[in-house]
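Proteins get letters first, then strands, A, B, ... in listed order; numbering begins at 1 in each.
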Amino acid sequence: MNQYPEYSTLNLPKIAEEVLADWDRLSVFEKSVSSREGATPFVFYEGPPSANGMPGIHHVMSRTLKDIFCRWQTLQGKQVRRKAGWDTHGLPIELSVEKELGITKEDIGKKISVDEYNHKCRETVMRYTDRWEALTRQMGYWVDMQNPYITYENKYIESVWWLLQQLYKKELLYKGYTIQPYSPAAGTGLSSHELNQPGCYRPVKDRSAIAMFRVKLPANNTNKNAAAVFQTTTEPVYILAWTTTPWTLPSNTALAVGNKIQYVLVKTINPFSHQVVSVVLAKDLLEKYFPAKNAELKFEDYKTGDKNIPFAVLGEMNGADLVGLRYEQLLPYVLPHENPEAAFQVIAGDFVTTSDGTGIVHIAPTFGADDMRAAKAAGVPPMLVMDENEKLVPLVDLRGKFRSEVNDPQFGLAGEFVKEDYLSAEQKAADLEKQKQYMQFIISDTSKLSYLSVDERIVLKLQNEGKLFKKESYEHNYPHCWRTDKPVLYYPLDSWFIRASAKKERMAELNQTIGWRPESTGTGRFGEWLNNLQDWNLSRSRYWGIPLPIWRDEDETEELCIGSVEELKAEIDRSIAAGFMTENPLAKFTVGDFSKENYEGFDLHRPYSDNIILERNGKKLFRETDLIDVWFDSGAMPYAQLHYPFENKALVDERKYFPADYIAEGVDQTRGWFYTLHAIGVMLFDNVAYKNVISNGLVLDKNGNKMSKRLGNAADPFDTLNQYGPDATRWYMISNADPWDNLKFDPAGITEIQRSLFGTLYNTYSFFALYANIDGFVVSDKNQTELSKRPELDRWIISKLNSLVKTVSERLNDYDPTPAARAIEDFVDAHLSNWYVRLSRRRFWKGELTEDKQSAYATLHECLSTLAQLMAPFAPFFADRLFRDLNAAATESVHLSLLPAANANAIDLELEARMELAQQYSTLVHSIRKRKEVNIRARQPLGRIMVPVLDENFRSRMEQVKHLLLAEVNVKEVEYVTESGVFVKKIKANFQLLGKKLGKQMKAAAAAIAAFSQEDIALLEQQGYFDLQLEGETTRIERNEVEILVDDVPGWQVATDGRLTVALDTEITENLRAEGLARELVNRIQNMRKDKNFEVTDKINVKISANQLLNAAVNNNFNYICSETLAASLEIVPELPEKEAILVDLDEEIKTYLHITKQN
RNA sequence: AGUCCCGUAGCUCAGUUGGUUAGAGCGCUACACUGAUAAUGUAGAGGUCAACGGUUCAAAUCCGUUCGGGACUACCA
């Protein structure tokens, strides 16, 4: 039986299938972890996917990336546990359930109970689990799918609650009033995730206006500078502020200026009321509203309706001078309930720019996030009024309608939707009739009136009252609710927040210790994000997610944050004692029992948690109905996957399974998972959650377009794996582009990898197996030739191999897989296959099992075996097959093996350098032989090559590799030429050295040097320097500051490449000719052997018909011919019968009959 | 709109601290080789290094601006 299996074809998908079966049979994955018990751990965290959607080709990419480093560290001897996970909560799941059931959010609790709804979510979320498992398995991604963490499980939730309670105890969890995207049509707040769904930001045309806010004079409470400027005018002074949402103007309570922005006071005429006024705006924007040419117009010449309006700049001040200035309320429908005396003043805002508008921003703290922040900082109240329930509310209600306070006798407004889009056609028509009624006081002919939106009417009102400076329509992107298609409102809502901003500096500081790939994402996108960190809005008004574990009474005086099931159970008992609850849903729960059964007897989700009423000081506490952001779920995974701190406490506390050494996800997770992991890690453990992270790019189609089902260009991951096999697919994805760049996925690239890498390796292995089996040779420790005693070629490839191990190790230890994969490709193709195997071929099939042959076997075996290990992280199936075929007795799997570090002693850079010399010369000589004017086939031996000796090293290097070079190019001798008269030299400046020395003179010097004569060069070489005349000065050029090359050897066929030059003697002597013929003859005999399907080892008898031109060639090379062709006998016979023999052409003139038979 | 990434041959990509013929593989064309053969070798064609401007003796490389592709963030009024 053959020791080394031989295959007839290479079938990568089949290999993968078979190896996968072996892995299952032998439990290789489990062993790869258990066999390293006690070893240094390598901690990897799996970012949980949602099994709610089908896996795509990009998941093959990201999972390959994850897998590579885990397998690599295993090869290095580390223990790599990796737990799979499932992200189970969140909006997408709610949506798919609603779609399936044909319901909307409003129906929850009506058509379907919350309970039923959540049950449905629980089912739906794991719908495609089997597809994910199949993909994971088929592509060879090793992760423990038997014991995944699942975010909806009670243990997981309990850990999350504990983390939240920790935040609460550190006072990092608070309830606040903030401005959030809100969809009045859907009656729900929206997350930024929802706003970023495709198509949500749409260009809309809004009515924009510049309103005029009248300054209260004298400006006694402001800076003297501003007061002085205002004294220069007797006209009323107005501040100009631009808005694209006039409906927020009734809620204006402040105007913001930039402290460092320069402002001007301008005297002009109101284009609508034609009143002479003075206005304040940013100096930078003066030209925009007041073209310079109009400065020459005279006020007294102005006539009503003139397009060009005169103006005069009265004075200048900076933003800080304006702060504190009071102005009259623009639309005095109602005053803020709190601190009305602090309203209507100028404040500073760092967000103010002069890129748009007037450089002064209208502030409505109830409808803008920036506005709210700035107003709060300045002590300006928001426009909140007391409602019927004695609660403070904004002027727009939750349906998106103005409250009754905004009642305008002429323009309506009260009770109306602030955005036209919220109205149906019928409502519009009805409203139009009303408008016709009350607007007849302003518009004489109302019959032609069309519906005017709230914005339009407010602008009209300002215009009527002389408070409008400019109006126009303005097109910008505005977010829409993806469910109702209606524009979103920014609206103040109650929310629970994590005070992330309090730990901003620490997060930034620790971020600098994280190894980011690519680095720019860490410093750039992620770093910037941390620098501008806002508090984390944790609340979600949904149903399917982890409930916020906070209970409050109605007065908001008592508050409880629960951190464990144990605690909750005790609190419920207390509530029962107070008579608030009748039974404890956690009655069966046994504290301290972490069994599955114990934790499956209850549910912490809504509605169950909603039904729990707790007690404090005799008051009833109800749960805050919000759920938490699902990003918290996944960010909590380092702890919650372990049920920390209830179980596995030491793993985290003693930093054994925390932080992760490595994580990887798509770049879109930068502000998702990467952030939430980091935030929780820093806030609660003052530690990074991961030490290294790769954010991988997208997988695009081959034309660089995003893959989508709609376009039909999405590659199916299963089809791809089936067709090309996981190894080639994985290899292609990693070697083609750095993982953080986008990948243009082209199956043709996989085919290329199949052929160039796997095909070549397969051929190389087959070659090895073929001859090793023939010789019955099994490579083992016992028959290893000592490295120093192996031939040059063997030591060279072993040196190359160890250099490769070094490179691959460095790259992979640095989380840089692409150069590692490419280095392997280069080794296999350029070195192992195209040089080592090519030059060693005859060593394998020639003669007996000599020491040289054993050395060749051992060397090739070591190369292939080590390659299998190096490739194992990338191509786990093929590598395993190769490794086991080579080392059948020794191992169950390459993935259980240990890769030794590169052997520094085996690396001989000098040897690598001289072999490169041989490779380069070989190419040069081949190219001369192929020339049209030469055209001598490789089988024809030639006498000699000549090489000019350029330095001392050169000759000794060449001597050591010349036998390989000469054999490869079929030349007898190499001659060294030292006397310079034989060849023509060329000289070139060394730009790097001379450039630094000469600076500006470089150009002239380079030209002068290039123009050197042969004598000049000789002189320079002789004395070691040359005095060059440059611009009248003498500049000394040293020998090392120029490069001298051989340009030509007159009278010879010459080839050069950079510093290397070779000349070929093309004369064919009688002897050479005879030898060439003998080689031709060998070749023909070999072909016949092959045609006759003889075994490689068969001995033959050869008969050749006599031919005068040939006889000498045969006789002189008799032994050579016999040994090459395994001829037991070789006869020249006078004649061969045509029937048996074949007529062959040996060259243009010589033909002969050949006859071969197998020797029995 | 902002931040970040990418733009080098028909395609996929290299290109060190700036240094003078800008490389490789694939593909294409031609020739050769034939006991690795669904391989292999040699040669050829193919480039305004996205564009413009600047710094420098010298720019694919450094700095600006613009254009194109992508991601993330974003109601800046």
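As judged by a 4.0 angstrom heavy-atom cut-off over every strand, A/G697 is placed among residues making no nucleic acid contact. A/G749 comes within 4.0 angstrom of nothing in the nucleic acid, heavy atoms only. At a threshold of 4.0 angstrom between heavy atoms, the contacts of A/F767 are confined to the sugar-phosphate backbone, with no base atom among them. Among the atoms of the strands shown, none is found under 4.0 Å from any heavy atom of A/A364. A/F526 comes within contact range of no nucleotide atom at all, as no heavy-atom separation falls under 4.0 Å. Counting non-hydrogen atoms under 4.0 angstrom, A/E752 reaches the backbone sugars and phosphates but no base. Using a 4.0 Å heavy-atom criterion, one finds that A/N1087 contacts the sugar-phosphate atoms exclusively.
Annotation: B/C13 and B/U73 have their C1' atoms spaced 31 Å apart (nearest Å). Going from the C1' atom of B/A45 to that of B/U29 covers 8 Å, rounded to whole Å. For the P atom pair drawn from B/U61 and B/U48, the interatomic distance equals 16 Å after rounding to whole Å. Remark: the separation of the P atoms in B/U16 and B/A22 is 16 Å, to the nearest Å. One P atom belongs to B/A59, the other to B/U20, and the distance between them is 11 Å to the nearest Å. Atom name P, nucleotides B/U21 and B/G64: the rounded distance is 30 Å, in whole Å. Taking atom P in both B/U3 and B/A60, one finds a spacing of 27 Å when rounded to whole Å. One P atom belongs to B/U17, the other to B/C62, and the distance between them is 10 Å to the nearest Å.
For the pair A/K1158 and A/F1094, the cation-pi criterion (under 6.0 Å, within 45° of the ring axis) is fulfilled.
A/E1080 and A/R937 are joined by a salt bridge, as a carboxylate oxygen and a charged side-chain nitrogen come within less than 4.0 angstrom of each other. Ion pairing between A/K486 and A/D421 fails under the 4.0 Å rule for side-chain N and carboxylate O. For A/E1043 and A/K986, the salt-bridge test fails: no basic side-chain N is under 4.0 Å from an acidic carboxylate O. A salt bridge links A/R517 to A/D814: at least one charged side-chain nitrogen sits closer than 4.0 Å to a carboxylate oxygen.
The shortest side-chain heavy-atom distance between A/P739 and A/T818 falls under the 4.5 Å cut-off.
Checked options A/Y182, A/Y490, A/W247; the residue passing with A/F367 is A/W247 (criterion: ring pair (Phe, Tyr, Trp, His ring centres under 6.0 Å)).
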Only pairs under 3.5 Å count here: list side-chain donor-acceptor contacts from residues 822-833 of chain A, not counting sequence neighbours, and write none if there are none.
{"from": "A/R822", "atom 1": "NE", "to": "A/S735", "atom 2": "O", "distance (Å)": "2.9"}
{"from": "A/R822", "atom 1": "NH2", "to": "A/S735", "atom 2": "O", "distance (Å)": "3.1"}
{"from": "A/R822", "atom 1": "NH2", "to": "A/N736", "atom 2": "O", "distance (Å)": "2.9"}
{"from": "A/E825", "atom 1": "OE2", "to": "A/W731", "atom 2": "NE1", "distance (Å)": "2.8"}
{"from": "A/E825", "atom 1": "OE2", "to": "A/S735", "atom 2": "OG", "distance (Å)": "3.2"}

Show me, pair by pair, the donor-acceptor contacts under 3.5 angstrom made by side chains of residues 995-1006 of chain A, not counting sequence neighbours?
{"from": "A/K997", "atom 1": "NZ", "to": "A/R1036", "atom 2": "O", "distance (Å)": "2.8"}
{"from": "A/K997", "atom 1": "NZ", "to": "A/E1041", "atom 2": "OE1", "distance (Å)": "3.0"}
{"from": "A/K997", "atom 1": "NZ", "to": "A/E1041", "atom 2": "OE2", "distance (Å)": "3.0"}

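Taking atom CD1 of residue A/I1037 and atom P of nucleotide B/C57, one finds them 18 Å apart after rounding to whole Å. Rounded to whole angstrom, the span from the CG atom of A/L530 across to the C1' atom of B/C4 amounts to 14 Å. Rounded to whole Å, atom C1' of B/G7 lies 17 Å from atom CG of A/L743. One atom, CZ of A/F758, and another, P of B/G25, lie 20 Å apart when rounded to the nearest Å. Computed from coordinates, the A/F768 CZ to B/A39 P distance equals 24 Å when rounded to whole Å. Rounded to a whole Å, the CG atom of A/L998 is 18 Å from the P atom of B/U56. Summarising the geometry, the separation between CZ on A/R373 and P on B/C75 is reported as 10 Å, rounded to the nearest angstrom. Atoms CD (A/E1080) and P (B/C33) sit 8 Å apart, rounded to a whole Å.
Nearest nucleotide to the A/N742 side chain, out of B/G70, B/C57, B/A36: B/G70. Comparing B/A14, B/A38, B/C75 by their nearest atom to the side chain of A/R822 picks out B/A14. The side chain of A/D741 approaches B/C6 more closely than any other nucleotide in the set B/C6, B/G27, B/C75. Between B/A36, B/C75, B/C13, one nucleotide has an atom nearer to the side chain of A/N736 than all others, and that is B/C13. The nucleotide whose nearest atom lies closest to any side-chain atom of A/V837 is, among B/U12, B/A14, B/A36, B/A36.
Using cut-offs of 30° and 60° on the angle between ring planes, the pair A/Y765 and A/Y7 is tilted.
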Could you list, one pair per line, each protein nitrogen or oxygen that sits under 3.5 Å from a nitrogen or oxygen of nucleotides 18-20 of chain B, together with the distance?
none

Would you tabulate the pairs of protein nitrogen or oxygen atoms and nucleotide nitrogen or oxygen atoms of nucleotides 40-47 of chain B closer than 3.5 angstrom?
{"from": "B/U40", "atom 1": "O3'", "to": "A/N834", "atom 2": "OD1", "distance (Å)": "3.4"}
{"from": "B/G41", "atom 1": "OP1", "to": "A/N834", "atom 2": "ND2", "distance (Å)": "3.0"}

Q: Fill in the dot-bracket string of RNA chain B, one character per base: . for unpaired, | for a pair to another strand, ( ) or [ ] for pairs within the strand, taking Watson-Crick or G-U pairs under 3.5 Å.
A: (((((((..((((.....[...)))).(((((.......))))).....(((((..]....))))))))))))....
**Q.** A/F674 and A/F526: CA distance, side-chain angles, deciding distance, ring-ring contact (aromatic ring centres under 6.0 Å, His included) verdict
**A.** CA-CA 9 Å; A/F674 294 159; A/F526 194 67; 7.4 Å; no
Q.
Working note: A/Y771 + A/Y857, criterion ring-ring contact (aromatic ring centres under 6.0 Å, His included); need CA distance, chi angles, decisive distance, verdict.
A. CA-CA 9 Å; A/Y771 293 108; A/Y857 280 133; 8.0 Å; no
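Toward the 5' end of RNA chain B, the nearer of the two residues A/D738 and A/L839, judged by each one's closest nucleotide, is A/D738. For the pair A/I179 and A/Y771, both in contact range of RNA chain B, the more 5′-proximal nearest nucleotide belongs to A/Y771.
Under 4.0 angstrom from either OP1 or OP2 of B/G27 there lies at least one side-chain N or O belonging to A/R755. Residue A/R937 places no side-chain N or O under 4.0 Å from the OP1 or OP2 atom of B/A32.
Remark: A/H362 NE2 to A/I239 CD1 distance equals 14.0 Å, nearest 0.5 Å. Between the OG atom of A/S251 and the CG atom of A/L330 there is a distance of 11.5 Å, given to the nearest 0.5 Å.
Every side chain to side chain donor-acceptor pair (under 3.5 Å) that A/D370 has, sequence neighbours left out, goes to A/R373.
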